[in-house]
Novice: 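Dropping a structure here in structure tokens format, bear with me for questions.
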Amino acid sequence: MLDIRSIRENPELVKEALKKRNEDLSIDGLIATEAKKRALIQEGEKLRSERNTVSEEIGKLKKEKKDASVQVAEMKKVSDRIKEIDSEMREADESIDSIILTIPNIPHESVPVGKDEEDNVEVRRRGTPREFDFEPLNHWDIAENLDIIDFNRGAKLAGSRFALMKGMGAKLERALIGFMLDSNTAKGYTEIFPPILVNRDTITGTGQLPKFEMDLFRTSDPEFYLIPTAEVPVTNIYADEILSENDLPMYFTSYTPCFRREAGSHGKDTRGLIRQHQFNKVELVKYALPEKSYDELEKLTADAEEILQKLELPYRTVVLCTGDMGFAASKTYDIEVWLPGQQKYREISSCSNCEDFQARRAKIRFKREGKKGTEFVHTLNGSGLAVGRTAIAILENFQQKDGSVAIPDALRPYFGADIIK
RNA sequence: GGAGAGGUGGCCGAGAGGCUGAAGGCAGCCGCCUGCUAAGCGGUUGAAGGGGUAAUACUCUUCCGAGGGUUCGAAUCCCUCCCUCUCCGCCA
């Protein structure tokens, strides 16, 4: 959520930012409604102030057994007017919320302006894609040949975009989770295992609601949302709280299953494990001081990249252009791993600085030493990494001519073997 | 699922329609005192929003789990919801 005051004071800046994101959203109505709301606040406060003083007088008069009926009648009118104002204000608030909660974050000045993923800019490339002396297979062929992923039975049990991991496949997934968590905690991230079903407030805090209801699974009676990423519960850990400056920065890492409807991606990545309704992910989340958040973004991205380096997987890092960034982000780096089966780099991590956008929604604040008032923290998140996609990358990059798959050195202590065959 | 108890400031804990942003205690901060420490004494210490100022000062409104309601006036009365705890049942 943007600060309504900065919207009011710099409407042009916001309009321009929206245009860069290909958003067609009018904010003039919002500004007008907010002005009306402030007028209502002022009128209401004046009347309340009057009521407070007169009510006190009434109390005194009654104590002295004097007549107060004139004042009581007058205050009855004042109270009725206050009720009117309150209800008008509620309407104004609802109208403001309905708009302001759907305005995306403003891109950082360093973010390239562009329309879609074509305009993302590569910032670095690590590792060299391996030369194969045979035709590399897709991960689904490798996995089915090894009998470690069963897509058909996954579909039977649940539906399309569900898979069943089996034997060494299941173990690979588990080994990667442990490996990633250990790698992250060694760098000072605190491990979190959060609720995977969360309430509406929580999922509104990080920005998935109200705009992206279509992307989420939800339960009814009672109503919960299945998290699409651990970012949701973990970023909200300190929602509605005031931290002290010394608490920052805070680093968290969290393994959770993630659930996404994938509405609107029909026909994309229908085969294989790339795009599932349920997948595992190890997430990195940071709370940072505003003046440090961009340094923290670089470090967070480097931490995610380091996992790929340890696993000897070739990758590149791109900075997303304005048109391709997520709703809550000010700046995002995507890390893309090389997949020989597709001869393409594919997203395996997305690292974002949301600045105070989520913190304002979730009311995550901090106090500076010796300063009065509070400020919003900056929140960051990134995958470290998407587990299923990492498994894919290992299968495809480490496949061998005989159909077996080697396990990268760093993973062997977790996997307990050096090959899947 | 059944039966009870309860949610008040950083923490503990009073308050049961007006004098309560909230007694008292603890913790914190600032003084004083004091060989040092401890103790003691005095003062002070929440958040959000608005007005005001160069900035302070000052000032107004709101906040006692959340949301409604009653009343001139609600932490206090009524309704709904949420959460925590205890006992019973069930259960991974």
Side-chain angles (χ1 to χ4, degrees), chain A residues 1-9 30-98 100-101 193-205 209 218-225 233 236-248 250 256-257 356 358-377:
Chain A
M1 185 164 63
L2 303 180
D3 182 5
I4 186 73
R5 264 159 85 177
S6 71
I7 296 176
R8 185 206 306 155
E9 283 159 20
L30 173 72
I31 292 171
T33 309
E34 204 261 338
K36 187 179 146 202
K37 181 191 158 181
R38 280 186 300 140
L40 287 170
I41 288 174
Q42 294 212 6
E43 188 185 350
E45 288 191 349
K46 220 190 213 163
L47 292 174
R48 268 181 230 275
S49 175
E50 186 187 344
R51 186 180 72 182
N52 287 347
T53 51
V54 175
S55 287
E56 205 172 311
E57 278 171 36
I58 292 171
K60 274 184 201 147
L61 287 174
K62 291 212 162 168
K63 224 175 203 170
E64 295 164 14
K65 308 271 188 210
K66 287 182 186 158
D67 178 54
S69 53
V70 178
Q71 286 88 335
V72 169
E74 223 173 279
M75 287 309 102
K76 174 109 183 110
K77 270 189 229 154
V78 170
S79 269
D80 287 345
R81 177 63 191 144
I82 288 174
K83 268 174 208 166
E84 269 173 44
I85 290 172
D86 283 350
S87 95
E88 282 174 53
M89 210 147 74
R90 237 169 284 153
E91 275 171 45
D93 269 332
E94 273 169 37
S95 156
I96 289 168
D97 278 354
S98 74
I100 203 168
L101 287 175
F193 189 73
I196 289 163
L197 297 175
V198 297
N199 61 33
R200 212 183 151 84
D201 283 346
T202 298
I203 211 148
T204 304
L209 282 182
R218 150 178 88 178
T219 66
S220 58
D221 195 28
E223 184 183 275
F224 288 115
Y225 291 84
N236 277 288
I237 289 175
Y238 292 96
D240 252 317
E241 296 191 35
I242 298 170
L243 303 165
S244 93
E245 184 180 6
N246 308 327
D247 294 332
L248 300 174
M250 285 177 149
T256 66
D356 63 5
Q358 295 179 322
R360 184 173 292 106
R361 288 177 163 239
K363 299 197 186 69
I364 308 163
R365 292 166 293 175
F366 75 100
K367 242 177 132 69
R368 286 193 202 265
E369 206 76 34
K371 266 200 164 178
K372 72 177 200 180
T374 55
E375 292 174 57
F376 291 110
V377 306

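Values in this document were obtained by computation on a predicted structure and should not be read as measured data. So that the names make sense, note that chain A is the first sequence line, chain B the second, and so on, each numbered from 1.
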Novice: Taking only residues two or more places apart in sequence, or in another chain, which ones meet A:Glu223 in a salt bridge (charged side-chain N to carboxylate O under 4.0 Å, His left out)?
Specialist: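 For A:Glu223, no residue satisfies salt bridge (charged side-chain N to carboxylate O under 4.0 Å, His left out) once neighbours in sequence are set aside.
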Novice: For atom C1', what is the distance between B:rG69 and B:rG4, given to the nearest Å?
Specialist: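 Approximately 27 Å lies between the C1' atom of B:rG69 and that of B:rG4.
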Novice: Distance check needed: B:rC19 P versus A:Leu61 CG, whole Å only.
Specialist: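 Those two atoms, CG and P, are 15 Å apart.
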Novice: For residues 69-79 of chain A, which side-chain donor-acceptor pairs fall under 3.5 Å, sequence neighbours excluded?
Specialist:
| residue | atom | partner | partner atom | Å |
| --- | --- | --- | --- | --- |
| A:Ser69 | OG | A:Asp67 | OD1 | 3.1 |
| A:Ser69 | OG | A:Asp67 | OD2 | 3.0 |
| A:Ser79 | OG | A:Arg51 | NH1 | 3.4 |

Novice: Can you tell me, in whole Å, how much space there is between the C1' of B:rG9 and that of B:rC26?
Specialist: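 Comparing C1' positions in B:rG9 and B:rC26 gives a spacing of 13 Å.
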Novice: Give me, pair by pair, the N or O atoms of the protein and of nucleotides 46-52 of chain B that are less than 3.5 Å apart, along with how far apart they are.
Specialist:
| residue | atom | partner | partner atom | Å |
| --- | --- | --- | --- | --- |
| B:rA47 | OP1 | A:Lys367 | NZ | 2.2 |
| B:rA48 | OP1 | A:Thr374 | N | 3.4 |
| B:rA48 | OP1 | A:Thr374 | OG1 | 2.2 |
| B:rG49 | N2 | A:Glu45 | OE1 | 3.4 |
| B:rG49 | N2 | A:Glu45 | OE2 | 3.3 |
| B:rG50 | OP2 | A:Arg5 | NH1 | 3.3 |

Novice: If I pick the C1' atom on B:rU45 and the same atom on B:rG10, what distance separates them, to the nearest angstrom?
Specialist: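 Those two atoms are separated by 10 Å.
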Novice: Partner lookup for B:rU44, please. Criteria are Watson-Crick or G-U wobble with both distances under 3.5 angstrom; report none if nothing qualifies.
Specialist: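 In the structure as shown, B:rU44 has B:rG28 as its Watson-Crick or wobble partner.
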Novice: Quick one: list whatever passes salt bridge (charged side-chain N to carboxylate O under 4.0 Å, His left out) with A:Glu50, sequence neighbours left out.
Specialist: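 Partners of A:Glu50 under the salt bridge (charged side-chain N to carboxylate O under 4.0 Å, His left out) test: none.
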Novice: If you measure from the C1' atom in B:rC19 to the same atom in B:rC81, how many Å do you get, rounded?
Specialist: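 Nearest-Å result for B:rC19 against B:rC81 at atom C1': 34 Å.
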Novice: Salt bridge between A:Glu375 and A:Arg368, side-chain N to carboxylate O under 4.0 Å?
Specialist: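 The answer is yes: the pair qualifies as a salt bridge.
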Novice: Please, which pairs that meet salt bridge (charged side-chain N to carboxylate O under 4.0 Å, His left out) have at least one residue in residues 31-40 of chain A, sequence neighbours excluded?
Specialist: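 Matches after skipping sequence neighbours: A:Arg8-A:Glu34, A:Glu34-A:Arg38, A:Lys37-A:Asp93.
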Novice: How long is the line joining CD of A:Glu241 and P of B:rG10, in whole Å?
Specialist: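 Nearest whole value for this atom pair: 11 Å.
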Novice: Taking pairing as Watson-Crick or G-U wobble with both contacts under 3.5 Å, can you name the mate of B:rC77, or confirm there isn't one?
Specialist: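 Per the H-bond distance test, B:rG69.
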Novice: Let's test this: given Watson-Crick or G-U wobble pairing with both distances under 3.5 Å, identify the partner of B:rA5.
Specialist: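 Across any shown strand, B:rA5 pairs with B:rU84.
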Novice: Using the P atom as the point on both nucleotides, what is the distance between B:rG31 and B:rG24, in whole Å?
Specialist: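 B:rG24 and B:rG31 have their P atoms separated by 24 Å.
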Novice: Quote, to the nearest angstrom, the C1' distance that separates B:rC77 from B:rU70.
Specialist: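 Going atom to atom, C1' in each nucleotide, I get 8 Å.
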Novice: Identify the nucleotide, in any strand shown, that forms a Watson-Crick or G-U wobble pair with B:rG35, with both distances under 3.5 Å; if there is none, say none.
Specialist: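 No nucleotide pairs with B:rG35.
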Novice: Can you name the residues that form a ring pair (Phe, Tyr, Trp, His ring centres under 6.0 Å) with A:Tyr238, not counting sequence neighbours?
Specialist: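 In terms of ring pair (Phe, Tyr, Trp, His ring centres under 6.0 Å), with neighbours along the sequence ignored, A:Tyr238 is linked to A:Tyr287.
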Novice: Which base, if any, makes a Watson-Crick or G-U wobble pair with B:rU56, both distances under 3.5 Å?
Specialist: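 With both distances under 3.5 Å required, B:rU56 matches none.
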Novice: Atom CG of A:Leu40 and atom C1' of B:rU62: how far apart are they, to the nearest Å?
Specialist: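 In whole Å, B:rU62 C1' and A:Leu40 CG are 16 Å from each other.
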Novice: With rounding to whole Å, what would you report as the distance between B:rU76 and B:rA16 at their P atoms?
Specialist: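 B:rU76 and B:rA16 have their P atoms separated by 12 Å.
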Novice: Are the side chains of A:Tyr225 and A:Thr219 in touch, meaning some heavy atoms are under 4.5 Å apart?
Specialist: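 Of all side-chain heavy-atom pairs linking A:Thr219 with A:Tyr225, none is under 4.5 Å.
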Novice: I'd like to know whether A:Thr202 forms a side-chain contact (heavy atoms from CB on, under 4.5 Å) with A:Asn199, so could you lay out the CA-CA distance, the side-chain angles of the two residues, the decisive distance to 0.1 Å, and finally the verdict.
Specialist: CA-CA 6 Å; A:Thr202 298; A:Asn199 61 33; 2.9 Å; yes
Novice: Would you measure the distance from the P atom in B:rU8 across to the matching atom in B:rU84 and give it in whole Å?
Specialist: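 B:rU8 and B:rU84 have their P atoms separated by 14 Å.
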Novice: Polar-atom pairs under 3.5 Å, protein N or O versus N or O of nucleotides 68-74 of chain B: list them with distances, or write none.
Specialist:
| residue | atom | partner | partner atom | Å |
| --- | --- | --- | --- | --- |
| B:rU70 | OP2 | A:Lys83 | NZ | 3.1 |
| B:rC72 | O4' | A:Val72 | O | 3.4 |
| B:rC72 | O3' | A:Ser79 | OG | 3.1 |
| B:rC72 | O2' | A:Ser55 | OG | 3.4 |
| B:rC72 | N4 | A:Lys62 | NZ | 3.4 |
| B:rG73 | OP1 | A:Ser79 | OG | 2.5 |
| B:rG73 | O4' | A:Ser55 | OG | 3.3 |

Novice: With sequence neighbours left out, write down each residue that passes salt bridge (charged side-chain N to carboxylate O under 4.0 Å, His left out) with A:Arg360, or none if nothing qualifies.
Specialist: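 If we apply the salt bridge (charged side-chain N to carboxylate O under 4.0 Å, His left out) test to A:Arg360, skipping adjacent residues, the hits are A:Asp356.
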Novice: Pairs in or reaching into residues 81-90 of chain A: which pass side chain to side chain donor-acceptor pair (under 3.5 Å), with residues at least two apart or in two chains?
Specialist: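 Output for this query lists A:Glu43-A:Arg81, A:Arg48-A:Asp86, A:Arg81-A:Glu84.
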